[in-house]
Amino acid sequence: MTTPDRIEELLNATQAAFASGALVQLKLGGYHGSEPELKSVLVKKITTKAGDKYSFTWRYKTRDTIKNFAEPEALALLRDGLERDFRSAQLATTEFDMLFERNGEKMRLKRTVVAGREAPSTDHNRAKNRPLTETGKPWLRALGIVGKTGAVRHDAQDKFRQINKMVEIFAPLIAAIKAERPLIVDMGAGKGYLDFALYDYLATVAKRPVSLVGVEMRAPLVEDGNATARASGFDGLSFRTGSIMEFDASGADAVIALHACDTATDDAIFKGISAGASLIAVAPCCHKQIRRQMEAGEADARFEPLLRHGIFVERQAEMVTDTLRALLLELNGYKTRVFEFVSDAHTPKNNLIVAEKDGRAGRDRAAVLRQITDLKTMFGIEQHYLEDLLGL
């Protein structure tokens with residue numbers, strides 16, 4: 001067997017285990033590529049509405065990035081990684097393990113039989129929290145989710161699913177906060193869909209006492225939110241009128257901002273960092289500040305094909321903006337993850353940055369600063385707005 005055939009044998013075994021439901025996981029290690037912070041890649045099978053997917057988790061030193069792929073693209077990524085950037089791989093199935101090792105041009109593959117191992121659930125590999133099993137709640141009707149009969153309205157089905165999904169994500173993050181009664185601040189709360197659902201779940205299902213404050217500039221929405229909170233008996237949920245930067249977030253254990261436009265997302269991150277919050281979670285919307293700089297600046301000439309068309313500039317601006325946000329959070333002592341939190345069928349602005357404080361402030365600061373500087377130089381960016389807020 002030639003050495004490239006060993007890669008194909010591993011990929012064929014992975015593909016067969018995926019198809020039969022026997023795949024436990026595939027882990028790629030021994031990374032020696034161009035990303036100094038990348039440690040390994042973990043691949044699992046998940047089941048989505050669009051069918052079975054390969055879920056990739058890129059594990060960096062202080063953050064994880066997750067993305068799902070259909071089989072052809074997944075296998076192409078794995079083949080490329082094994083040929084170039086990863087020296088080892090460990091395939092675990094319900095029937096056997098397979099160890100791949102590469103040393104220069106030499107490759108070896110070892111297969112070991114196992115017994116009694118069960119495959120994990122492919123339902124996103126986590127138990128589902130379904131907080132809204134009871135649809136007779138006053139707040140569901142007040143927000144237009146259910147109708148007079150108490151059934152979820154046909155035109156609110158997507159919103160109902162989104163709310164459930166958001167609570168699935170945020171409830172365990174809040175539960176992990178060590179404070180006895182965490183203070184959660186939702187910046188740019190709008191009508192408070194997340195706030196009511198999350199508070200209801202934490203108070204009535206998880207029995208986790210919290211104080212939750214929704215900050216919103218539109219006074220009528222604040223008045224309606226407070227009235228609905230009172231009608232629902234949610235004593236720990238309240239809404240305040242004001243902008244993100246005007247609000248005093250001192251003492252906040254968690255700061256959340258979903259779809260705060262452009263630099264309002266950075267305002268929320270800054271407030272969370274300033275408060276020393278244990279958790280900062282933002283779903284960015286719009287990336288105008290960085291896009292304007294990219295259009296006006298001089299990027300590395302090698303990126304010219306990527307920036308030739310407006311739609312590509314927009315997508316690159318989103319990626320660069322949010323990468324810089326993640327790096328600036330790491331610089332301030334947070335471990336970050338970036339992943340899709342709802343389907344892009346519901347909203348194209350579906351990336352969530354989750355940052356959890358882990359005491360890394362001051363560690364590898366010079367390396368993170370270099371990454372920030374290099375990224376800005378590559379795309380002709382002078383300054384990220386969040387840098388200004390942080391005094392960098």
Side-chain angles (χ1 to χ4, degrees), residues 37 62-63 185-189 215-217 240 242-252 254-300 303 307 313-338 349 351-358 360-392:
E37 296 291 312
T62 58
R63 71 185 190 278
V185 180
D186 179 13
M187 299 292 195
V215 181
E216 171 56 47
M217 290 188 66
R240 310 276 181 84
S243 70
I244 294 173
M245 290 302 283
E246 290 171 345
F247 184 77
D248 182 3
S250 300
V255 173
I256 298 169
L258 300 185
H259 300 143
C261 190
D262 198 20
T263 56
T265 293
D266 301 304
D267 292 339
I269 293 173
F270 171 70
K271 284 290 187 175
I273 291 173
S274 299
S278 299
L279 171 68
I280 300 172
V282 296
C285 179
C286 311
H287 301 75
K288 298 176 184 177
Q289 189 248 342
I290 289 300
R291 177 172 177 171
R292 285 192 291 266
Q293 292 191 42
M294 288 172 60
E295 291 172 333
E298 293 186 9
D300 188 310
F303 291 105
L307 304 176
V313 174
E314 180 179 349
R315 291 175 181 173
Q316 290 296 322
E318 292 180 5
M319 289 172 40
V320 173
T321 301
D322 293 339
T323 298
L324 287 170
R325 284 167 172 158
L327 288 170
L328 289 165
L329 280 160
E330 291 173 28
L331 194 66
N332 285 273
Y334 288 83
K335 179 180 179 180
T336 61
R337 290 176 288 150
V338 183
K349 308 298 183 182
N351 290 330
L352 185 70
I353 302 173
V354 173
E356 296 175 280
K357 199 167 185 64
D358 68 349
R360 293 174 183 264
R363 301 184 190 179
D364 301 322
R365 185 176 179 85
V368 177
L369 283 170
R370 277 197 304 272
Q371 290 179 327
I372 293 170
T373 300
D374 290 346
L375 190 57
K376 291 193 299 180
T377 300
M378 281 191 287
F379 288 93
I381 298 165
E382 290 187 6
Q383 188 81 342
H384 193 294
Y385 174 73
L386 183 55
E387 290 182 278
D388 290 332
L389 293 179
L390 295 169
L392 298 174

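Position 1 is the first residue of the sequence, and the numbers go up from there.
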Can you name the closest pair of heavy atoms from [X] and [Y] and give their distance?
X    : Y    : answer
I353 : P284 : CD1-CG, 4.0 Å
A254 : A277 : N-CB, 4.2 Å
A249 : A275 : O-CB, 3.4 Å

**Message:** Surrounding CE of M378 (heavy atoms of other residues, nucleotides or ligands, distance under 6.0 Å), is the total greater than 12?
**Reply:**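 Atom CE in M378 is packed in, count exceeds 12.
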
Between atom [atom1] of [X] and atom [atom2] of [Y], what is the distance when rounded to the nearest 0.5 Å?
X    : Y    : atom1 : atom2 : answer
L329 : R337 : CG    : CZ    : 13.0 Å
D374 : L369 : CG    : CG    : 10.5 Å
E330 : Q371 : CD    : CD    : 7.0 Å
Q316 : T323 : CD    : OG1   : 9.5 Å

**Request:** Could you check T336 against R325 for side-chain contact (heavy atoms from CB on, under 4.5 Å), going step by step and ending with a plain yes or no?
**Result:** CA-CA 10 Å; T336 61; R325 284 167 172 158; over 6 Å; no

**Residue pair M245, L389: steps toward the side-chain contact (heavy atoms from CB on, under 4.5 Å) verdict** = CA-CA 11 Å; M245 290 302 283; L389 293 179; 4.1 Å; yes

[X] (side chain) donor-acceptor with [Y] (main chain) under 3.5 angstrom:
X    : Y    : result
K271 : V255 : no
E216 : D186 : no
S278 : K357 : no

**Request:** In sequence, state the C-alpha distance, the side-chain angles, and the governing distance for V338 and D322, and then conclude on side-chain contact (heavy atoms from CB on, under 4.5 Å).
**Result:** CA-CA 9 Å; V338 183; D322 293 339; 5.7 Å; no

**All side-chain contact (heavy atoms from CB on, under 4.5 Å) counterparts of L390, not counting sequence neighbours** =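 Checked L390 against side-chain contact (heavy atoms from CB on, under 4.5 Å); matches are F270, I273, L328, N332, L386, L392.
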
**Request:** Using side-chain contact (heavy atoms from CB on, under 4.5 Å) as the criterion, list what pairs up with M217, not counting sequence neighbours.
**Result:**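 Testing M217 for side-chain contact (heavy atoms from CB on, under 4.5 Å), a comparison that skips the adjacent residues, returns S243.
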
**Prompt:** Out of H384, E382, E387, which one pairs with K376 under the side chain to side chain donor-acceptor pair (under 3.5 Å) rule?
**Reply:**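 When H384, E382, E387 are each tested with K376, the side chain to side chain donor-acceptor pair (under 3.5 Å) holds only for E387.
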
**Prompt:** Considering the options D267, T263, T265, which one meets the side chain to side chain donor-acceptor pair (under 3.5 Å) requirement together with Y385?
**Reply:**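 In the set D267, T263, T265, the residue that makes a side chain to side chain donor-acceptor pair (under 3.5 Å) with Y385 is D267.
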
**Request:** Take T321 and Q289, measure what side-chain contact (heavy atoms from CB on, under 4.5 Å) needs, and give me the verdict at the end.
**Result:** CA-CA 9 Å; T321 301; Q289 189 248 342; 5.9 Å; no

